[in-house]
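Remember, predicted model here, so these are calculated numbers, not experimental data. We use all heavy atoms of the structure for the numbers below, so side chains are in, but hydrogens, waters and symmetry mates are not. We count ligands from 1, going down the list as the structure has it; atoms in each ligand are counted the same way.
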Amino acid sequence: MADQTTCFLILRFLALLLMSSLSTDAKILNITTDQFALLALKAHISYDPYHILTTNWSSSTSVCNWVGVTCGSRHHRVTALNLSNNGLVGTIPPHIGNLSFLVNLSISNNNFHGSLPNELSHLYRLELLHFRHNEFSGEIPSSLFNSTSSLQQIVLQDNQLWGSIPSSIFKMSTLKLISLAENKFSGPMPSIFFNMSSLQHIDLSNNTRSGTLPPEVGNLTMLIQLYLANNHFEGSLPPSLFKCKQLQYLSLWSNNFKGKLSPEIGNLTKLTFLSLPYNNCEGAIPSEIGNLHNLENFDLGINNFVGTIPLDIFNISTLQYFGLFGNHLLDTLPSVNQLEGSIPISFGGLVSLEVLDLVGNNLSREIPKSLEVLRYLKYLNVSYNKLRGEIPTKGLFVNFPAESFMSNDALCGVIRLNVPPCKEASLGPKKRLNIMIDVAAALEYLHLGYSTPIVYCDLKPSVVLLDGDKVGHVADFGIAKLLSDGISLTQTMTMATIGYMAPEYGYEGIVSTRGDVYSYGILLMETFTKKKPIADMFTGEMNLKRLVNESFSLSILEVIDANLLSNENDYVAMETCLSATMGLALHCCADFPKQRIDIKNVLVRLNKIKLKYLHDHGGR
Ligand SMILES: *[C@@H]1O[C@H](CO)[C@@H](O)[C@H](O)[C@H]1NC(C)=O
Ligand SMILES: *[C@@H]1O[C@H](CO)[C@@H](O)[C@H](O)[C@H]1NC(C)=O
Ligand SMILES: *[C@@H]1O[C@H](CO)[C@@H](O)[C@H](O)[C@H]1NC(C)=O
Ligand SMILES: *[C@@H]1O[C@H](CO)[C@@H](O)[C@H](O)[C@H]1NC(C)=O
Ligand SMILES: *[C@@H]1O[C@H](CO)[C@@H](O)[C@H](O)[C@H]1NC(C)=O
Ligand SMILES: *[C@@H]1O[C@H](CO)[C@@H](O)[C@H](O)[C@H]1NC(C)=O
Ligand SMILES: *[C@@H]1O[C@H](CO)[C@@H](O)[C@H](O)[C@H]1NC(C)=O
Ligand SMILES: *[C@@H]1O[C@H](CO)[C@@H](O)[C@H](O)[C@H]1NC(C)=O
Ligand SMILES: *[C@@H]1O[C@H](CO)[C@@H](O)[C@H](O)[C@H]1NC(C)=O
Ligand SMILES: *[C@@H]1O[C@H](CO)[C@@H](O)[C@H](O)[C@H]1NC(C)=O
Ligand SMILES: *[C@@H]1O[C@H](CO)[C@@H](O)[C@H](O)[C@H]1NC(C)=O
Ligand SMILES: *[C@@H]1O[C@H](CO)[C@@H](O)[C@H](O)[C@H]1NC(C)=O
């Protein structure tokens, strides 16, 4: 009895000791520490376009009243910091690790750069880390997950990160969402990653990840979204994937997946989105797809599927997008769908269908009259098949703008109804993209291909030469400049052309690789608008960059070269492509050099824009 009491007292003593040491901790780190950390963060912000922090984060008011800051009601420590969508440029100082009560940290949609500080790993209460769309580079700190025991969401999407995933993450049993999309991660994902059974949302899109999808993926029984698009994944889909019964989004397009699509796909009855284009899958389309009664988007384009379209698919009343397009561009795309046979007689079940894309297959016989029942159809493309008859238009396309394509003639291009066929084509968007990709590649070689960067200085249309195949080359490196310190070099006088030269060059004479990117951006605008940066049409303060910037919020199509539009039959794909291209051009032409994207990423993005355009546009 006495022993028990002693034991109890000792335990109590130890507990008190522990508590007092914790409260000592709390004394050392208090709201003053938080203020100090946030002021350090403010000091590391070099540009605050909306003056969010400059005016608001003042030492004269309590931290807890600062914009973007939330404090706990009990302990008065900072629990959430949300600086998303503020266009901030800067770096994250190590002091961030002192915000020891932080639960939510969101700085998405800014221009934070530099590396992720190791001190993030001190935030052991962290649940949400949202760093989407910034310019962070380097590797994920290896200790980042060592003490974070409650992390639920980590979003590093759209940065410049690379390297491996710290192994301590694999032990975390709280993680529900991870997005590493749009970075530079490469190599296989460790199999053990797919053993993290708490995961519900995985987005690894737009990296260069390779390797196979391991059987462990079947352990992810709570998985709702799996995005692996635009990587180098290979091999066949493991049968265990079809055990992930909660899956709603499965996006695997543009990889090297091969093999047959298992009939067990029909087990994933919650699927609403199934996207597999640009892979090497083969065999028949399993009729079990018909079991997917929630499917809205179904896309198997550009694969090696053969056989007929299973009739069961025509009963999916939720289906909005139905893409089985192949492609006629055999020289650039390796394979073409060959779905022989006829279009099924009855479309009655596809009551929600908005897009039907069957381009480039081997469909024959009459076009069925029953197409007329597709009341919501906005886009129909059955070109490059062997169909006969006419597209029935009665009742079809009640929505505007509606488009329908049908042509069996590969030479003539796609015929848009009511538009004269075979108009003389000027340089199309793809050619223009290709030219600008070539120019960016030449610049990348100059900027990064040598031990010291070389700056071009005077990029303008007259130095871009087109050869007989309309391939772009950058001429005359005589005006290029070597950069001694790799960043900038002050020149007294160098050649440059007004309209194309970066603002800092004009008033400070600073030559830099960022200046080339500016000129490149202007050139990109000119290529797609056919307008000179300083033309007679521009009066006063107006210039090409401003015009593009202003039209960007309305419709980009208003400033675009009319020749591009007159030959266009897919305005949606075109507008998406042009908006992305002009957005990239504006990013190149940011006023402050540090805000500009570097040429390597220009090249990456432009290639992605092209891929997306080709994809949206059925490869033309
Ligand atoms: C925070 O702690 C420091 C000592 O570590 C002390 O000087 C300061 O007054 C404390 N601030 C508040 C607001 O409690
Ligand atoms: C800072 O912003 C918050 C939230 O918008 C506002 O309540 C507060 O008054 C502002 N403080 C200052 C000093 O501007
Ligand atoms: C963190 O963010 C989540 C999601 O927005 C929210 O539900 C939660 O209340 C936030 N926590 C704090 C401490 O602000
Ligand atoms: C952060 O603020 C943005 C609005 O700027 C909001 O959309 C987002 O949900 C917030 N994030 C969290 C985690 O609360
Ligand atoms: C906070 O963090 C920084 C850098 O990690 C450090 O220099 C500083 O002493 C820390 N402590 C306090 C109380 O601010
Ligand atoms: C973090 O954890 C990993 C493995 O879990 C370990 O190798 C590493 O030493 C840890 N780092 C620190 C700073 O504790
Ligand atoms: C995944 O977990 C299973 C057991 O749950 C185990 O057999 C397997 O080895 C694990 N895979 C890896 C790569 O750790
Ligand atoms: C997860 O899947 C792997 C591979 O299929 C298997 O070895 C393991 O037993 C499964 N674990 C659980 C918990 O289901
Ligand atoms: C798919 O469903 C069938 C029938 O219910 C079942 O036999 C099969 O094991 C399931 N497959 C997977 C991978 O769960
Ligand atoms: C489609 O549904 C209709 C009515 O629900 C049914 O009669 C028909 O057999 C179904 N067709 C297929 C191919 O499943
Ligand atoms: C298309 O089908 C015809 C028979 O209908 C066949 O002769 C031809 O080889 C097929 N074309 C391709 C490209 O599969
Ligand atoms: C990946 O890139 C495509 C275009 O190439 C884009 O549409 C998509 O939004 C990107 N996905 C992510 C998650 O960044």
Which protein heavy atom lies closest to atom 12 (C) of ligand 9, and at what distance to 0.1 Å?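 So the nearest neighbour among protein heavy atoms is Asn267 ND2, 3.4 Å.
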To which protein heavy atom is atom 9 (O) of ligand 9 closest, and what is the distance rounded to 0.1 Å? Glu264 OE2, 4.1 Å
Under a 4.0 Å heavy-atom limit, does Asn195 contact ligand 7 with its side chain, its backbone, both, or neither? side chain
Identify the residue among Asn56, Thr54, Thr55 that makes a side chain to side chain donor-acceptor pair (under 3.5 Å) with Asp48.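 Between Asp48 and the candidates, side chain to side chain donor-acceptor pair (under 3.5 Å) is satisfied uniquely by Thr54.
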Can you confirm whether some protein heavy atom lies under 4.0 Å from atom 4 (C) of ligand 9, or whether none does? no
Can you check atom 7 (O) of ligand 9: any protein non-hydrogen atom closer than 4.0 Å?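 Within 4.0 Å: no protein heavy atom nearby.
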Please state whether the rings of His615 and Tyr278 are parallel, tilted or perpendicular, taking 30° and 60° as the class boundaries. tilted
Can you tell me how the ring of Phe136 sits relative to the ring of Phe131, calling it parallel under 30°, perpendicular over 60° and tilted otherwise? parallel
Any atoms of ligand 4 less than 4.0 Å from a non-hydrogen atom of Ser106? List them with their elements. 11 (N), 12 (C), 13 (C)
Enumerated ligand 4 atoms positioned under 4.0 Å from heavy atoms of Leu128: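 Those of ligand 4 that fall under 4.0 Å from Leu128 are 13 (C).
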For Arg132 and Asp158: C-alpha separation, side-chain torsions, deciding distance, then whether salt bridge (Lys or Arg N to Asp or Glu O under 4.0 Å) applies. CA-CA 6 Å; Arg132 184 176 175 269; Asp158 201 357; 5.9 Å; no
Knowing that exactly one of Leu276, Leu228, Leu226, Leu237 qualifies, which makes a side-chain contact (heavy atoms from CB on, under 4.5 Å) with Leu250? Leu226
Tell me whether Asn104 has any N or O atom under 3.5 angstrom from an N or O of ligand 4. no
Report yes if Asn82 has an N/O atom closer than 3.5 Å to an N/O atom of ligand 4; otherwise report no.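 N/O-N/O distance under 3.5 Å: yes.
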From Phe322 atom CZ to Leu295 atom CG, the distance as rounded to the nearest 0.5 Å: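 If we round to the nearest 0.5 Å, Phe322:CZ and Leu295:CG are 9.5 Å apart.
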Taking it one step at a time, do Asn195 and Asn219 satisfy side chain to side chain donor-acceptor pair (under 3.5 Å)? CA-CA 6 Å; Asn195 258 357; Asn219 281 333; 2.2 Å; yes
Under a 4.0 Å heavy-atom limit, does Pro239 contact ligand 9 with its side chain, its backbone, both, or neither? backbone
Determine whether Gln160 and Asn601 satisfy the following criterion, side chain to side chain donor-acceptor pair (under 3.5 Å), listing intermediate values before the conclusion. CA-CA 9 Å; Gln160 315 288 338; Asn601 285 306; 2.9 Å; yes
Is there at least one pair of N or O atoms, one from Lys243 and one from ligand 9, spaced under 3.5 Å apart?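 N/O-N/O distance below 3.5 Å does not exist for this pair.
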Under 4.0 Å from any heavy atom of Lys245, which atoms of ligand 9 are there?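 Counting from 1, the qualifying ligand atoms are 14 (O).
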